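Structure first, then comments.
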Amino acid sequence: MLIQIPRGTYDVMPEDSGVWQKIEEVARETCALFNYKEIRTPIFESTDLFQRGVGDTTDIVQKEMYNFTDRGERRLTLRPEGTASVVRAFVEHKLYGDPQQPVKLYYIGPMFRYERPQSGRNRQFTQFGAEALGSKDPAIDAEMIALALTFYRKLGLKKLKLVLNSLGDPESRKAHRDALINHFKPSIGEFCSDCQERLEKNPLRILDCKKDHGHPLMATAPSIIDYLTDEARDYFEQVKLTLDAIGITYELDPTLVRGLDYYNHTTFEIMGATGSAISTLAGGGRYNGLVSELGGPETAGVGFALSIERLLIALESEGITLQTGNQLDCYLAAIGAEAEKKAAVLLHQLRQNGIRADKDYLGRKVKGQFKAADREQAAYVLVIGDEELANGQANVKNMTDGSQERVAFDEVSTYLKNKINH
RNA sequence: GCGGUUAUGGUGAAGUGGUUAACACACCGGAUUGUGGUUCCGGCAUGCGUGGGUUCGAUCCCCACUAACCGCCCCA
């Protein structure tokens, strides 16, 4: 039996890789615009990093990690997300001592979670994320959001919705958590089994439940907003004011909870238009305790991550086709053995002059060579036969309008360079 | 981890318990002895996800497995 690709993974085939390259290019462009520098960290890390960073009680750590032991008995994990690694590197390389503060970083790369695959959910998926470490200015929370939105808009997405919430500082969170437990506990028997479990583990999640969302206690549940300390409330106000000032609209959702333990204060999600149930394109927020949790000095941090796979779904459902520009400039069609030799030489010359060129290697007839040129969307076809060899000129055909011209072999490169703009 | 649907060539898909598994697109060749995107003609699955079983015989019936898709949970 044929060996198949592992479950939940996929190949990006040549016909699609141009789109991926384009997306990555726009991501890098956007980061340059916002002055974020790339960081590349390993694809696997110590299991401990994620247990401590992401949080031991999260679903990610409890059931979705790809863990393995290497030959040296080290406990390692394929990274399920990017922030923990970035913070680890930040601490390990003592970037908190860098004169350039805050430290603004981005990454693009594969992440791994053991999950049941479905639309927009894979076991290996690709995240583009950014992190700003070392500043607790609410304006940088807004910058993070602006970066993600700018990236999406550059790609042409229009149907975007920003959802915003604040989880407050640890003090606020604790007060709210206690309030939730008190609110639901007396009648928890009326809720689904999942919610009963959530009561002690993570009462916030009860508010997310789809089964019980009609229960009267849902509407009257205490909102985190009411439990924010003055300081946390003021911080959140500043974030909103900054967003208002730069014209970014948002929707407040006090039930917006993120799945990773490290979040506090601002959390946000960007939703997009997708055909199916999953519409969260990006998620992020502030994680002020994480750096010290991982052994660094008390350092503030904000970040987001977005999935390229989900972005592709959103692009498709908005009917956007990215321009990739992988077309060939020139295809050489040769007739006869002598012409074949000449074509090989010309081909090399064209390429050295920066012209994307190719020729036939299957001994096809002229017609077949033209078909091949057509498939490659070649802008020009250079025909070389006995006649051309005799007078030292190639027959250059413009494939768009069908016109043909004779051009001396020596001038072909210059001729084509003038016609092609890239 | 749970539930539903599905699995035939490069692609989309029809089909039957029994000699050659429709059709369309794509591809290859020819008509057009040196010119693509139009037209016409021809070629193109010893094979119907994998492994078992029932049967004289299975792509079609039964079981298991695997995978994909959709939903739940959760998330990007």
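Only this structure's heavy atoms are used, side chains among them; waters, hydrogens and symmetry mates stay out. Source: prediction; values computed, not measured. Order of the sequence lines fixes the chain letters, A, B, ..., with proteins taken first and strands second; residue numbering starts at 1 for each chain.
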Phosphate OP1/OP2 of B:U35: any A:K397 side-chain N/O under 4.0 Å: no
At under 4.0 Å, does any side-chain N or O of A:R364 touch on OP1 or OP2 of B:G34? no
Check every strand shown and say whether A:L311 touches a base, only sugar-phosphate, or nothing at a heavy-atom separation below 4.0 Å. nothing
Under-4.0 Å side-chain N/O to phosphate OP1/OP2 contact, A:S119 with B:C70: yes
Is any side-chain nitrogen or oxygen of A:Q118 closer than 4.0 Å to OP1 or OP2 of B:G71? yes
Is any side-chain nitrogen or oxygen of A:R116 closer than 4.0 Å to OP1 or OP2 of B:G71? no
Whole-Å P distance, B:C27 and B:G36: 14 Å
Under 3.5 Å, is there an N or O donor on one side and an acceptor on the other linking the side chain of A:R121 and the base of B:A76? no
CZ-OG distance between A:R351 and A:S413, expressed to the nearest 0.5 angstrom: 12.0 Å
Please give the nucleotide sitting opposite B:U19 as a Watson-Crick or G-U wobble pair, both distances under 3.5 Å, or none. none
Aromatic centroids of A:Y331 and A:F370 separated by under 6.0 Å: no
Side-chain N,O (A:R7) to OP1/OP2 (B:A68) below 4.0 Å: yes
Is the closest basic N to carboxylate O distance between A:E64 and A:R123 below 4.0 Å? no
